[in-house]
Number of protein chains: 2
Amino acid sequence: MVTLSDVAKEANVSKMTVSRAINHPEQVTPELLALVEKAMAKLDYHPNSIARALVNNRTNVIKFVTLEDIDTTEPYYMNLLFGVARGLKADSYAIQLVTDIDQIQKGNADGYIITGAREYNYPIFNELKKPFIFFGETSSNFDFVDTDNRYGTSVATKYALERGYQDAVFIGIDVKEGFEYAREYGYLASMQERNLEPKIFRTGNHSHLAEKLIDEQIENIKPNTCFICASDRLAIGVCRALSRLNKKLPEDYGVIGFDGVFLDQVSNPQLTTVKQQIFKMGDMLAQLILEKIKQSGSAQGQTYVKPELVVRGTTK
Amino acid sequence: MVTLSDVAKEANVSKMTVSRAINHPEQVTPELLALVEKAMAKLDYHPNSIARALVNNRTNVIKFVTLEDIDTTEPYYMNLLFGVARGLKADSYAIQLVTDIDQIQKGNADGYIITGAREYNYPIFNELKKPFIFFGETSSNFDFVDTDNRYGTSVATKYALERGYQDAVFIGIDVKEGFEYAREYGYLASMQERNLEPKIFRTGNHSHLAEKLIDEQIENIKPNTCFICASDRLAIGVCRALSRLNKKLPEDYGVIGFDGVFLDQVSNPQLTTVKQQIFKMGDMLAQLILEKIKQSGSAQGQTYVKPELVVRGTTK
DNA sequence: TTGTACGCGTTATCAC
DNA sequence: GTGATAACGCGTACAA
């Protein structure tokens, strides 16, 4: 292994000059700098990040904690994770995946990115000695990054009505979570703005449940209505039911999903959806936690990332 | 930060006794061991993995390299990755995600897990100074873990014919890759065993392309045929086309997919598929690379993991 | 069985 | 602007 000393010898300077050439080149005269760079190139020197980590009291590891019972097959988290990896790349940080809550404290890390946190988990976080940041809104004053859910369904609802659908119905997920409330709120507000009566149905987040729901409720729903769905899964179920009932998409009815990860691509017809910028949010999480580490824990605030309406085959 | 010395003082022993109590407890008398453990508990001591890494010349980091242009939304890799994370958990290794080929050499790692390797990448691997292992068969003599693709399509084909389908047709992916050849081979061999004439169609790996293919070819395909597909994406397209052509599943035709990751769950009717044990393979990759690191690079061999036929709604 | 001295590769500090 | 020295936390080698 080529070390700092080897380079120093090769360049006939001290270790410190080499170290400075790497970390604070402005403090080194151009001549020496050139010498050092030449020596580094010749010996193919790569700094040992471990030794560096030791003196800096850093581990160069971020723990990526997934607390809820995540279906790890969800492409959603893959995007987030690759976004995080992207954000960590420049600083060559590594990620430690933690799914087990009692693994949080095991081993070392410089910081935590936490997804799926619930209220009753909060005590744990307060014990953490290193900075952390959440993915997903929290009720406490913690730093987080989340999708602007209200904005998403609001844009979707307005778009549907502008495109000539007479009514908009919300198909929601039957959970008591902030993201669902926010999505419903965005829909509600947009309906009220237009003096339309909102109509919300809820069911579990599975396509076949949504399918069943439409079967049961189709008679209570006016023609030329657009379904604003809280997820792509639900939207796909709605499409399937409508297609089976011989309704024409996008003429007779419209369908708009939410998420825009993977599922929207494999459906047929292709789904109009509110696409979350998950990769970007992953990247932001990484940048924010790195910043927080550098600033030894100072708050990074709460960030909402606007999703984007992607118009495809299921709306006029 | 609580260090080895702190514990030593607390327990009135030397640093080395503490170190040994942790790493070689059998070399320490029970009395001292108890003292040390008490002190560690009292001070809430956690070994500093970085300092440990420095002396051992280890980084406790594995690079997970994805060379092909992965659609990172593919749930496939998420499963693999969580499998790897699972395998690394006990040794509290971290993962560094590398998608950029020139990032391979940047920073340090103890080993590499490499997916999507092509022949022309091989020179790069030979330059690596640390152990590596592949996910996916390689033509060179490198260590790898892969699905037993032949076995998978062979089992699927045999099952279809046993269940009373008169014929089996293979819908393949239009690529020149080992996995595709292997899947075709498994089908071919099973057909020949029964003296049936194999029939293979190929197209791009998209559901709508498979759909189109069936539209065009349905007249050339006997009723009561089972479609053995090289992927779930293709299988879903086949189902969609058949459904549109008013063919009944599983009575008139059968469909069997390949992969069994996520997609098979959201399709309707639920897909019979050859399910790859991806999580398990990830776990194995982790264990193998850790073993290889411990044994300073000794070969771990080539492992094929048998996939499993999951029978659901699209076959009799 | 237990303890001492030193080294791992790097950077901060303080002289020069 | 540059270099010598100590320090980061731990483990190996050797001595007691």
Side-chain angles (χ1 to χ4, degrees), chain A residues 1-37 39-40 43-61 91-93 107-110 129-130 293-294 296, chain B residues 1-37 39-40 43-61 91-92 106-110 129-130 293-294 296:
Chain A
M1 169 179 276
V2 183
T3 73
L4 209 61
S5 307
D6 299 329
V7 179
K9 274 180 205 157
E10 175 72 25
N12 264 320
V13 295
S14 76
K15 290 197 299 181
M16 272 320 296
T17 305
V18 181
S19 176
R20 272 193 279 259
I22 295 167
N23 300 309
H24 311 283
E26 74 282 358
Q27 298 179 13
V28 178
T29 53
E31 298 81 47
L32 280 190
L33 195 65
L35 268 176
V36 170
E37 278 171 351
M40 290 198 300
L43 299 178
D44 189 31
Y45 168 75
H46 295 276
N48 183 324
S49 54
I50 293 296
R52 182 178 278 172
L54 182 64
V55 282
N56 293 332
N57 195 20
R58 292 275 162 78
T59 63
N60 275 28
V61 169
D91 299 45
S92 65
Y93 260 74
N108 317 87
D110 294 342
K129 284 155 196 159
K130 299 294 170 86
I293 291 167
K294 274 183 203 153
S296 48
Chain B
M1 168 180 275
V2 183
T3 74
L4 211 60
S5 310
D6 298 329
V7 179
K9 274 179 205 157
E10 176 73 25
N12 265 320
V13 296
S14 75
K15 288 196 306 179
M16 274 321 297
T17 305
V18 181
S19 175
R20 273 193 278 261
I22 296 167
N23 301 308
H24 311 282
E26 73 282 359
Q27 299 178 13
V28 177
T29 53
E31 298 80 48
L32 280 191
L33 194 66
L35 268 177
V36 170
E37 278 171 350
M40 291 199 299
L43 300 178
D44 189 29
Y45 169 74
H46 295 276
N48 182 324
S49 54
I50 292 296
R52 183 179 276 172
L54 183 64
V55 284
N56 293 332
N57 197 20
R58 291 274 164 78
T59 63
N60 274 29
V61 169
D91 299 47
S92 63
K106 193 189 164 198
N108 317 88
D110 295 341
K129 284 154 198 159
K130 299 294 172 85
I293 291 167
K294 274 183 203 153
S296 48

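Protein chains get the first letters and strands the later ones, always in sequence-line order, with residue 1 at the start of each. Fair warning: this is a prediction, and the values are worked out from it, not measured in the lab.
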Peer 1: Kindly state which residues belonging to residues 23-30 of chain B come within less than 4.0 angstrom of DNA chain D, counting heavy atoms of the residue only, listed by number.
Peer 2: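 Residues of residues 23-30 of chain B that come under 4.0 Å of DNA chain D are, in numerical order, B:Asn23.
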
Peer 1: Would you name the heavy atoms of A:Ala39 and A:Glu10 that are closest together and state the gap between them?
Peer 2: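 The pair with the smallest heavy-atom distance is CB-CG, 3.5 Å.
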
Peer 1: Which residue lies toward the 5' end of DNA chain D, B:Leu54 or B:Met16, if each is placed at its nearest nucleotide?
Peer 2: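 The 5'-side residue here is B:Leu54.
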
Peer 1: Where do A:Tyr45 and A:Val2 come nearest, in terms of heavy atoms and distance?
Peer 2: CD1-O, 3.4 Å

Peer 1: Side-chain donor or acceptor of A:Lys15 under 3.5 Å from a matching atom on the base of C:dT10?
Peer 2: yes

Peer 1: Has B:Asn48 got a side-chain atom pairing as donor or acceptor with B:Ile50's backbone, closer than 3.5 angstrom?
Peer 2: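 Yes; at least one donor-acceptor contact below 3.5 Å.
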
Peer 1: Pick base, sugar-phosphate or nothing for B:Leu4, based on heavy-atom distances below 4.0 Å to the nucleic acid.
Peer 2: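 Counting heavy atoms under 4.0 Å across all strands, the contact made by B:Leu4 is with sugar-phosphate only.
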
Peer 1: B:Asn57 has an atom CG; how far is it from atom P of C:dG7, in whole Å?
Peer 2: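 Atom CG in B:Asn57 sits about 17 Å away from atom P in C:dG7.
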
Peer 1: Look at A:Tyr45 and C:dT10 and indicate whether a side-chain polar atom (N or O) is within less than 4.0 Å of OP1 or OP2.
Peer 2: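 For C:dT10, OP1 or OP2 has a side-chain N or O of A:Tyr45 closer than 4.0 Å.
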
Peer 1: Could you tell me how far apart B:Lys9 (NZ) and C:dG3 (C1') are, to the nearest whole angstrom?
Peer 2: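 Going from B:Lys9 (NZ) to C:dG3 (C1'), I get 16 Å.
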
Peer 1: Can you tell me which nucleotide in C:dG3, C:dG9, C:dT13 comes closest to the side chain of A:Ala51?
Peer 2: C:dG9

Peer 1: Would you say B:Asp110's side chain and B:Asn60's backbone share a donor-acceptor pair under 3.5 angstrom?
Peer 2: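 Yes; judged by distance alone, with no hydrogens or angles, the pair exists.
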
Peer 1: Under 4.0 Å, heavy atoms only, any strand: does A:Leu32 hit a base, just the sugar-phosphate, or nothing?
Peer 2: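 Sugar-phosphate, no base atom in range.
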
Peer 1: Of the options D:dG3, D:dT12, C:dT11, whose atoms approach the side-chain atoms of A:Asn56 most closely?
Peer 2: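 Nearest listed nucleotide: C:dT11.
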
Peer 1: Using atom types as modelled and distance alone, determine if a side-chain donor or acceptor of A:Asp6 lies under 3.5 Å from a backbone N or O of A:Thr3.
Peer 2: yes

Peer 1: Please determine, for the side chain of B:Thr17, which listed nucleotide (D:dT2, C:dG9, C:dG3) has the closest atom?
Peer 2: C:dG3

Peer 1: Is there a donor in the side chain of A:Asn108 and an acceptor in the side chain of B:Ser49, or the other way round, less than 3.5 Å apart?
Peer 2: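 Their side chains do contain a donor-acceptor pair, which is all the 3.5 Å distance test asks for.
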
Peer 1: Measure the distance from CD1 on A:Ile50 to C1' on D:dC10 and round it to the nearest whole Å.
Peer 2: 13 Å

Peer 1: Before accepting this row, confirm whether a basic side-chain N of the pair A:Lys129/B:Asp44 lies closer than 4.0 Å to the acidic partner's carboxylate O.
Peer 2: yes

Peer 1: Can you tell me the distance, in whole Å, between the CG atom of B:Asn12 and the C1' atom of C:dT1?
Peer 2: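 Result: 17 Å.
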
Peer 1: Can you see if the side chain of A:Thr3 gets near the phosphate of C:dG9 - specifically, an N or O under 4.0 Å from OP1 or OP2?
Peer 2: no

Peer 1: Looking at the side chain of B:Arg20, which of D:dG9, C:dT11, C:dG3 is the nearest nucleotide?
Peer 2: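 Of all the options, the side chain of B:Arg20 is nearest to C:dG3.
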
Peer 1: Between B:Arg52 (CZ) and C:dG9 (P), how many Å, whole number?
Peer 2: 19 Å

Peer 1: Show, in sequence, the C-alpha distance, side-chain angles and deciding distance for A:Tyr93 and B:Val61, and conclude whether the side chain to side chain contact (heavy atoms under 4.5 Å, CB included) test is met.
Peer 2: CA-CA 10 Å; A:Tyr93 260 74; B:Val61 169; over 6 Å; no

Peer 1: Reckon A:Ser14 has a side-chain N or O less than 4.0 Å from the OP1 or OP2 of D:dT2?
Peer 2: no

Peer 1: In this structure, how many angstroms lie between the C1' atom of D:dG11 and the CG atom of B:Asn48, rounded?
Peer 2: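 It is 13 Å, rounded to the nearest whole Å.
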
Peer 1: Provide, to the nearest angstrom, the distance between the CE atom belonging to B:Met1 and the P atom belonging to D:dC8.
Peer 2: 11 Å

Peer 1: Please report, rounded to the nearest Å, how far the P atom of C:dC8 is from the CG atom of B:Asn108.
Peer 2: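 Rounding to the nearest Å, CG of B:Asn108 and P of C:dC8 are 17 Å apart.
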
